[in-house]
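The next block holds one structure in the form of structure tokens; read it before the comments.
All of these numbers come straight from a predicted model, not from anything done at the bench. The chains referred to below are lettered A, B, ... by the order of the sequence lines, with proteins before strands, and numbering in each begins at 1.
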Amino acid sequence: DDEVCVRQKVSEPDPEEVASFEQELRAVVQESMEQRKLELRGRPALNMVIPINVFEGSTKDHLGKGVVGESGDEALDEEAGGSKEVQVKVLVKRGSKQQTKHMYIPRDSSLVQSTKQKEAAELEE
Amino acid sequence: EETGDDDGYEFGKGEFTEHACKYCGVSNPACVVRCNVSSCRKWFCNSRGNTSGSHIVNHLVRAKHKEVCLHKDSPLGETILECYNCGCRNVFLLGFISAKTESVVVLLCREPCLSVNALKDMNWDLSQWCPLIDDRCFLQWLVKIPSEQEQLRARQISAQQINKVEELWKTNPDATLEDLEKPGVDDEPQPVVLKYEDAYQYQNVFAPLIKLEADYDKMMKESQSKDNVTVRWDIGLNKKRIAYFVFPKEDNELRLVPGDELRLRYSGDAAHPAWQSVGHVIKLTAQEEVALELRANQGVPVDVNHGLSVDFVWKSTSFDRMQTAMKTFAVDDTSVSGYIYHHLLGHEVEIQLVRNTLPRRFGAPGLPELNASQVFAVKSVLQKPISLIQGPPGTGKTVTSAAIVYHMAKQGQGQVLVCAPSNVAVDQLAEKISATGLKVVRLCAKSREAVSSPVEHLTLHYQVRHLDTSEKSELHKLQQLKDEQGELSSSDEKKYKALKRATEREITQSADVICCTCVGAGDPRLSNFRFRQVLIDESTQSTEPECLIPLVLGAKQIILVGDHCQLGPVIMCKKAARAGLAQSLFERLVMLGVKPIRLQVQYRMHPSLSEFPSNSFYEGTLQNGVTINERLSSGIDFPWPVPNRPMFFYVQMGQEEISASGTSYLNRTEAANVEKIVTTFLRSGVVPSQIGVITPYEGQRAYIVNYMSRNGALRQQLYKEIEVASVDSFQGREKDYIILSCVRSNEHQGIGFLNDPRRLNVALTRARYGIVILGNPKVLSKPLLWNGLLTHYKEHECLVEGPLNNLKQSMVQFQKPKKIYN
Ligand SMILES: [Zn+2]
Ligand SMILES: [Zn+2]
Ligand SMILES: [Zn+2]
């Protein structure tokens with residue numbers, strides 16, 4: 001209960017700093033892209049198969065619906081802010097092994113939006 | 001003043017957690033990532049602070065580092081971010097995509113994987129690739145942005161500082177932001193300021209000043225070695241060997257105090273091997289003889305009495321504890337409440353009130369009735385998270401403080417911590433608080449346990465020894481054995497220590513109030529204690545970092561008691577003093593607009609004596625709680641020029657001289673007249689303990705002591721019993737009669753020490769019944785304040801000259817006053 005109201009002027013970053021930083025950031029991205037193009041001649045092999053167990057037994061495992069986490073704890077969704085966020089599974093690789101992790105992302109993120117639209121469209125069909 | 005032994009204890013607090021943002025210190029695992037470049041591996045948070053990009057993005061761009069790893073406690077666990085398809089780890093190329101129909105997402109690099117045609121035919125929706133770095137910040141749902149409170153309490157780092165420290169890291173990856181601020185060896189240190197951006201800036205300013213003072217203190221004390229010391233040996237009640245010797249006080253500022261550590265050495269002769277032992281000063285006799293309790297009894301050359309040497313053993317403990325407190329203040333956000341944190345740094349915060357039910361009466365059992373201003377002080381303090389109480393001389397600070405502590409302890413918010421910079425003040429407070437019926441533990445430094453104390457029964461070490469329960473019998477047995485033999489076998493010693501520590505903890509935990517010096521609050525025996533309510537008395541006599549030690553144990557409500565119109569902390573190093581280390585936290589808070597609550601009724605001085613100090617230092621607000629009749633010196637036949645006004649300024653024209661040491665002053669005429677006044681007092685029936693002679697100069701102090709014992713008209717012993725001391729060492733104390741010798745008397749040089757109004761205030765407010773000031777009005781009348789004092793005495797016909805038995809009004813001319821600041 002350590003609430004404190006500090007009246008501190010929020011120092012806006014200096015516009016010059018913003019501009020120069022943005023420029024530097026873009027340069028790093030550009031440089032990274034070019035470096036990649038040089039590094040990789042030819043296309044890499046595709047290795048993007050979604051492991052089947054991700055879908056297994058989870059028909060209700062669609063975006064925005066109640067999700068049972070790995071712990072089986074159904075309250076998770078509510079704790080994270082109820083309807084503002086949705087749970088997703090993130091696939092990561094540990095060496096060559098695939099792993100699934102749960103995460104919450106905001107419902108209004110573009111990543112969710114597109115899938116939801118499609119989902120809705122599918123439902124209508 | 002305090003030395004302790006912090007060895008053998010773990011200090012967990014005050015350390016940076018490894019994963020704290022290297023820029024700002026935020027350490028919430030959900031908000032930080034580690035740069036994965038092997039030569040770097042630094043952690044950064046995802047907050048922007050005052051810059052356009054978040055800290056992690058700033059670092060990656062500036063350092064041209066491109067890989068990161070998530071924290072093990074983050075939702076994804078310890079994970080290096082990489083492309084799910086090709087393993088590319090360049091975060092500037094990575095982004096998330098989701099499966100077309102499922103709630104599954106993966107990281108995919110923009111080049112080349114996002115443009116692989118075959119992917120489009122699979123389950124993945126490539127149209128909504130969502131870059132990992134968006135708007136110069138990591139995706140907020142992957143790496144959280146620290147809360148506003150967390151950000152406000154973090155280091156406020158600027159883009160310029162980021163650029164500088166990144167430059168520094170290229171050559172020295174272990175450099176810290178503090179390295180940016182480090183002054184060169186010969187540079188003047190950064191001065192203190194009124195407001196600080198954050199606790200890091202605060203630490204940047206104060207840490208070097210404390211270091212300067214510590215270095216100076218060390219140099220001073222270690223240069224005090226004395227050879228050819230004559231010793232007599234004794235054995236204490238605890239069977240420990242005690243050495244008595246005279247440690248001549250040079251004409252400098254160093255004074256030994258009980259608890260100081262000294263090393264006694266003997267270089268050996270045909271019959272004795274070389275020997276040395278360390279011990280603690282347990283007593284200083286009136287004859288300036290030192291009693292040193294030795295740590296080890298073995299091999300002491302007790303049949304040798306001459307030719308020993310003494311060195312001062314300097315300990316950094318108190319300075320270390322100040323540094324630790326500042327660090328804790330910065331990195332541990334539970335060290336003090338947010339309100340106190342921001343307030344101490346001078347940030348503007350909405351006023352908060354403490355929600356407490358107020359007691360019906362504000363006095364406390366065992367204490368005198370409180371007066372109106374004391375009641376007001378207690379009442380206001382209980383409702384505020386930060387309060388200042390100003391206690392002018394004789395206004396009952398201690399009683400008021402004790403009443404406050406009593407009510408805080410009764411609120412049931414846990415134990416109350418009560419501190420003061422000096423042991424004397426802590427003892428006085430502990431006694432008063434204990435009188436209210438609260439359970440008090442007085443924690444002393446280990447090195448002072450052998451030093452006698454007026455509140456011995458309250459001290460932790462006494463309580464441990466006298467705890468009367470059967471489970472403690474093992475400890476008692478070992479204690480007895482130790483007392484008898486002086487030492488224990490190593491296994492017994494181990495057992496003894498463990499038992500003692502457990503008992504100490506038990507007693508300390510069951511107390512309502514813990515009392516110790518400010519430095520003592522950093523004692524390892526308190527490191528696991530938390531105190532929400534802290535009261536610091538005499539806080540205007542401690543430096544800010546010293547004050548911070550008791551505060552960073554979890555304070556939510558703090559009360560600083562003191563008087564910024566009296567003398568502040570003593571700083572030996574001029575450089576540190578010039579930079580502002582001598583300014584107390586109390587004073588800075590006053591300058592920041594915290595209004596001190598002033599106690600207004602004084603119970604010490606004869607009303608004639610309080611008039612000038614009240615008008616000159618307290619805007620005339622000081623009221624008298626004593627009447628003229630209560631301060632009549634009945635039966636004392638002393639030649640006061642105005643019988644109802646026991647005060648006079650005795651005009652002296654003798655020259656000042658530089659003392660033998662070359663660093664101080666003396667004035668022979670004044671000294672001779674001091675003796676005459678003292679003799680007159682003694683003849684009229686005043687006893688030596690009622691008289692105090694004060695003077696700002698050590699040279700004059702030594703000269704007066706010497707002069708009186710050689711030339712005093714009465715028995716020598718009487719003069720020896722009279723306390724002759726500096727103004728500074730008299731602060732906080734009183735005598736019935738005060739004789740003030742001003743010393744300075746020269747054509748052009750000014751009045752030095754006397755120029756400080758706070759010193760004059762202290763000098764004028766020590767006497768209860770009467771005061772005599774000796775000085776040269778021609779010289780003293782130049783500063784405005786002194787001119788006012790002389791005018792005040794003149795107007796009341798108390799400016800006099802001539803022989804003591806025939807005093808006459810002086811017609812000496814004053815100089816035109818000038819406002820002088822030192
Ligand atoms: Zn790095
Ligand atoms: Zn940061
Ligand atoms: Zn890739």
Side-chain angles (χ1 to χ4, degrees), chain A residues 2-8 10-14 17-19 21-22 24-25 28-29 31-33 35-37 40 43-50 54-55 61-64 67 85-94 100-106 109-115 118-119 122, chain B residues 48 50-53 57-58 60-62 64 66 75-77 79 82 84-88 90 92-93 96-107 109-113 116 118-119 122-125 127-128 130 133 136 141-142 149 152 159 337-339 341-342 347-350 352 556:
Chain A
D2 185 15
E3 279 302 309
V4 55
C5 185
V6 185
R7 277 170 282 163
Q8 198 164 263
V10 182
S11 44
E12 283 294 315
D14 163 28
E17 191 258 322
V18 180
F21 187 75
E22 183 66 43
E24 265 193 76
L25 175 61
V28 174
V29 175
E31 185 196 285
S32 299
M33 298 274 280
Q35 209 177 344
R36 283 297 277 177
K37 278 180 190 150
L40 297 160
R43 295 296 172 204
L46 267 183
N47 188 16
M48 288 285 287
V49 184
I50 300 178
V54 173
F55 302 114
D61 204 7
H62 285 252
L63 287 173
V67 175
E85 293 187 332
V86 292
Q87 197 184 40
V88 295
K89 287 176 176 175
V90 185
L91 286 185
V92 292
K93 277 183 188 155
R94 286 277 150 89
T100 318
K101 303 268 183 174
H102 292 272
M103 267 205 78
Y104 288 90
I105 66 175
S109 100
S110 62
L111 202 58
V112 181
Q113 288 301 315
S114 65
T115 321
K118 277 190 210 96
E119 216 177 86
E122 272 164 26
Chain B
R48 291 174 202 272
N50 308 318
T51 53
S52 57
V57 176
N58 251 294
L60 298 171
V61 167
R62 302 288 182 208
K64 300 241 184 319
K66 292 164 189 172
L76 293 189
T79 305
E82 60 183 27
Y84 187 72
N85 188 46
C86 74
C88 165
N90 185 329
F92 295 100
L93 299 177
F96 281 100
I97 54 164
S98 63
K100 276 180 183 150
T101 55
E102 303 300 328
S103 55
V104 178
V105 301
V106 295
L107 269 175
C109 76
R110 209 161 126 174
E111 186 64 38
C113 298
V116 175
L119 263 179
M122 298 179 65
N123 259 323
W124 301 101
D125 177 10
S127 64
Q128 293 294 340
C130 176
I133 296 172
R136 303 180 293 273
W141 48 265
L142 185 68
Q149 301 249 332
L152 275 172
S337 71
Y339 183 83
Y341 175 88
H342 291 294
H347 303 163
E348 277 201 41
V349 276
E350 297 284 355
Q352 262 184 12
K556 288 173 186 280

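- Not counting sequence neighbours, B:Glu350 has no partner by the side chain to side chain donor-acceptor pair (under 3.5 Å) test.
- Contact tally against chain B (heavy-atom pairs below 4.5 Å) for A:Ala19, A:Ser32, A:Pro106: the top residue is A:Ser32.
- Both the backbone and the side chain of B:Leu142 come within less than 4.5 Å of a heavy atom in chain A.
- Of all the heavy atoms in B:Cys88 and A:Arg36, the pair that sits closest is CB-NH2, 3.2 Å.
- By number of non-hydrogen pairs under 4.5 angstrom with chain A, the leading residue of B:Lys66, B:Lys64, B:Glu82 is B:Lys66.
- Contact annotation for B:Leu93: only side-chain heavy atoms (C-beta onward) come within less than 4.5 Å of a heavy atom of chain A.
- Of all heavy-atom pairs between A:Gln87 and B:Ser103, the closest is O-CB, 4.0 Å.
- For the residue pair B:Gly53 and A:Phe21, the shortest heavy atom distance occurs at CA-CE2, 3.8 Å.
- Interface remark: B:Arg110 contributes side-chain atoms only to the contact with chain A (heavy atom separation under 4.5 Å).
- Here CZ of B:Phe92 is found 12.0 Å from CD of A:Gln35. Values are rounded to the nearest 0.5 Å.
- The nearest pair of heavy atoms linking B:Thr51 to A:Glu17 is CA-OE1, 3.7 Å.
- The two residues A:Leu91 and B:Tyr84 have their closest heavy-atom pair at CD1-OH, 3.5 Å.
- Scanning both residues, A:Ile105 and B:Trp141, for their nearest heavy atoms gives CG2-CE3, 3.0 Å.
- With sequence neighbours excluded, the residues that form a side chain to side chain donor-acceptor pair (under 3.5 Å) with B:Arg62 are A:Glu24, B:Asn163.
- The only option from B:Val106, B:Leu107, B:Val105, B:Thr79 that meets the side chain to side chain contact (heavy atoms under 4.5 Å, CB included) definition with A:Val90 turns out to be B:Val105.
- Between B:Cys109 atom SG and A:Met33 atom CE the span is 9.5 Å, to the nearest 0.5 Å.
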